[in-house]
Protein chains: 2
Amino acid sequence: MTTRSTYLELADRLADQLRDTPPGTRVASEYELVASHGVSRLTARAALQELEHRYLVQRVRGSGTFVRRRIDYTISKHIVPSFTATVAAAGARPGTRLLSVRRRDPEPVHSYEPEIADGGSIVEVRRLNLVDGEVAGVLTSVLPGDRLPGLEEHLGDDFSLHTLVSQVYGVQLQRYRHQVLLDVPDRDVADLLGDEAPRPCWYAESLNRVKGTTQLGEYSYTWSNPHVIRMVFQIEEEG
Amino acid sequence: MTTRSTYLELADRLADQLRDTPPGTRVASEYELVASHGVSRLTARAALQELEHRYLVQRVRGSGTFVRRRIDYTISKHIVPSFTATVAAAGARPGTRLLSVRRRDPEPVHSYEPEIADGGSIVEVRRLNLVDGEVAGVLTSVLPGDRLPGLEEHLGDDFSLHTLVSQVYGVQLQRYRHQVLLDVPDRDVADLLGDEAPRPCWYAESLNRVKGTTQLGEYSYTWSNPHVIRMVFQIEEEG
DNA sequence: CAGTGGTCTAGACCACGGG
DNA sequence: CCGTGGTCTAGACCACTGG
């Protein structure tokens, strides 16, 4: 048994201490570890970064290192596809911030867009998903523009898109196809998520129908931060 | 627009060059980057590590840095739950290595174990999943011991567990519940996966029934390396 | 054996946050 | 303003891989 490296030993010891520490608690700073463990700053830093890679802590420049909490975000057939409801169910405070609303023609490259537009235009909504005030994801939603006139006026922060579309326009959306994978986003999405560089993130894609019909009503995709959200996917059989 | 850090600029430039490079190709070493870009070794190293975090390259001590390929591993209702078949379908060479077979009593702590044992014992199989010879995951499978007498003699490397159970014992397994999430494994699992320290990995849990009955026939869980496997989960509605 | 990546040191400057 | 984390340098020793 070879001895593990100094920074991993240190990280493991810190991880043990953090097991029962409530979220938000401050962790020793790099210089404090230098003083208390007689290691160089780079070694102390490597240990704290190791904890960050394990989703245990969050590091904030100028402020410090803090214990992090991950939210269980469950996706299954039986759960309504609503960010707000799902986060609230997990015991955290959800929020959203509107980034942009854009009207444009459907692009035939994406086969679903003409079908959603249904002979008319496309309205594309982009927003940030927040958990306890922290950016947890970026949502882009593609909707039928002609069916949702004046959508811009109704939109704002902390809205539920599906509720709005249902209550104001009488269009109810129903899950049709859902797909999720782990991948590395582009620079611009990483920027929106607050990451300096692209990090592996959840990519969730949804195709929803207008309830009771076979008409496509929405296509959306979301990049979510795995540090904040611990997604759970469930597939169940009947019987 | 603030200037990005040196190592990220370097990483982005290298990532661009790697876009159309075939898997297995060698990437410039740390010292080569030091010589060619006039940076310190730590900066060159940070750039290469950045690429590793983006799943673009694999770094091997004593050997070098190489372009990596990720396998699409799709899980959906309509696809048979077989590692071998799924990997082969993705165009890669699957393999498995038997780690251990153990017989024991069911533990009532896990409610499914007595149900699987069905009044008898439990047989627990552990194996490594390989993709192109590289460790991609660790599988642990819990099966009814009394129904599979002499299972040990039939097991070996590069076997399909479900095929064996079906052909030798006439027990066909059918998907019942499936759950997947991203989490950080324990030290021992990280060791088996070849990681020095625990890294975020896929955790896939399966509960399967004996075909045509409501009898539980298998419980299994797999830790998979996201660097090798790019899981895709699909949920589809009927109609 | 030479070359690779993994670790560690001591020291420096910077950007940022909060009192 | 001070303390935080983020970056960078120069130099060193190590473990491992391959010819």
Side-chain angles (χ1 to χ4, degrees), chain A residues 1-14 24-54 56-68 133-135 190-191 194-199 227, chain B residues 1-14 24-54 56-68 133-135 190-191 194-199 227:
Chain A
M1 186 64 180
T2 59
T3 65
R4 282 164 74 79
S5 49
T6 312
Y7 82 94
L8 282 181
E9 294 270 12
L10 182 49
D12 286 345
R13 200 157 42 215
L14 291 173
T25 307
R26 199 166 172 291
V27 181
S29 75
E30 300 180 356
Y31 287 106
E32 283 166 0
L33 291 178
V34 167
S36 62
H37 288 76
V39 295
S40 77
R41 193 189 151 204
L42 220 72
T43 302
R45 176 180 177 69
L48 290 174
Q49 267 181 322
E50 174 65 27
L51 298 183
E52 188 174 38
H53 291 148
R54 296 184 198 173
L56 295 177
V57 303
Q58 175 182 26
R59 314 195 69 207
V60 185
R61 185 198 297 221
S63 181
T65 301
F66 306 90
V67 178
R68 191 189 257 293
E134 187 181 6
V135 177
D191 278 346
D195 288 331
E196 285 282 317
R199 287 277 158 271
H227 286 266
Chain B
M1 184 65 179
T2 58
T3 65
R4 281 164 75 78
S5 49
T6 312
Y7 82 94
L8 282 181
E9 294 270 12
L10 182 50
D12 286 345
R13 199 157 43 214
L14 291 172
T25 307
R26 198 167 174 292
V27 181
S29 75
E30 300 180 357
Y31 287 106
E32 283 167 359
L33 290 179
V34 167
S36 63
H37 288 76
V39 295
S40 76
R41 193 189 150 204
L42 220 73
T43 302
R45 175 180 176 70
L48 290 175
Q49 268 182 322
E50 173 67 26
L51 298 183
E52 188 174 37
H53 291 148
R54 295 184 198 173
L56 295 177
V57 303
Q58 175 181 25
R59 314 195 69 204
V60 185
R61 185 200 298 226
S63 180
T65 301
F66 306 91
V67 178
R68 190 189 259 292
E134 188 181 6
V135 176
D191 278 346
D195 288 330
E196 285 281 318
R199 288 276 157 272
H227 287 265

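Convention: sequence-line order gives letters A, B, ...; per-chain numbering from 1. Atoms considered below: every heavy atom in the structure, side chains included; atoms not considered: hydrogens, waters and symmetry mates.
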Among D:dT9, C:dG5, C:dC8, the one nearest any side-chain atom of B:Thr65 is C:dG5
Round to the nearest Å and state the distance from A:Arg4 atom CZ to D:dC14 atom C1'. 17 Å
Considering only NZ, NE, NH1 and NH2 on the basic side and carboxylate oxygens on the acidic side, decide whether B:Arg54 and B:Glu50 come within less than 4.0 Å. yes
Nearest-Å distance, CG (B:Leu51) to P (C:dG5)? 12 Å
Answer yes or no: does a side-chain N or O of B:Ser63 lie under 4.0 Å from OP1 or OP2 of C:dT4? no
Mind listing the residues from residues 40-50 of chain A sitting with a heavy atom below 4.0 Å of DNA chain C? Number order is fine. A:Ser40, A:Arg41, A:Leu42, A:Thr43
Side-chain N or O of A:Thr6 less than 4.0 angstrom from OP1 or OP2 on C:dC8? yes
A:Glu32 CD - D:dC2 P separation (whole Å): 17 Å
Specify the residue among A:Tyr7 and A:Arg61 whose closest nucleotide of DNA chain C lies further upstream toward the 5′ end. A:Tyr7
Starting at CD of A:Glu30 and ending at P of C:dT9, how long is that distance when rounded to a whole Å? 13 Å
Distance in angstrom units between A:Glu9 CD and C:dC8 P, rounded: 10 Å
Is B:Gln58 touching bases, backbone alone, or none of the nucleic acid, heavy atoms closer than 4.0 Å? nothing
Got a sec, which residues hit salt bridge (Lys or Arg N to Asp or Glu O under 4.0 Å) with B:Arg68, two or more places apart in sequence or on another chain? B:Glu134
Separation of C:dT7 atom C1' from A:Leu10 atom CG, nearest Å, is 14 Å
Beyond-backbone contact of A:Arg13 with A:Leu10, side-chain heavy atoms, under 4.5 angstrom: yes
Taking only side-chain N and O atoms of B:Ser29, does any of them lie within less than 4.0 angstrom of OP1 or OP2 on C:dG3? no
How many whole angstroms separate atom CD of A:Glu52 from atom P of D:dG5? 11 Å
Close side-chain approach of B:Leu33 and B:Leu14, heavy atoms under 4.5 Å: yes
Using a cut-off of 6.0 Å, state whether more than 12 heavy atoms not belonging to B:Glu32 lie near its atom CD. yes
Whole-Å distance, A:Arg26 CZ to C:dG19 P, equals 12 Å
Can you check whether A:His37 reaches A:Glu9 side chain to side chain, under 4.5 Å on heavy atoms? no
Before giving the answer on salt bridge (charged side-chain N to carboxylate O under 4.0 Å, His left out), spell out for A:Glu30 and A:Arg41 the whole-Å C-alpha distance, their side-chain angles and the decisive distance to 0.1 Å. CA-CA 6 Å; A:Glu30 300 180 356; A:Arg41 193 189 151 204; 2.7 Å; yes
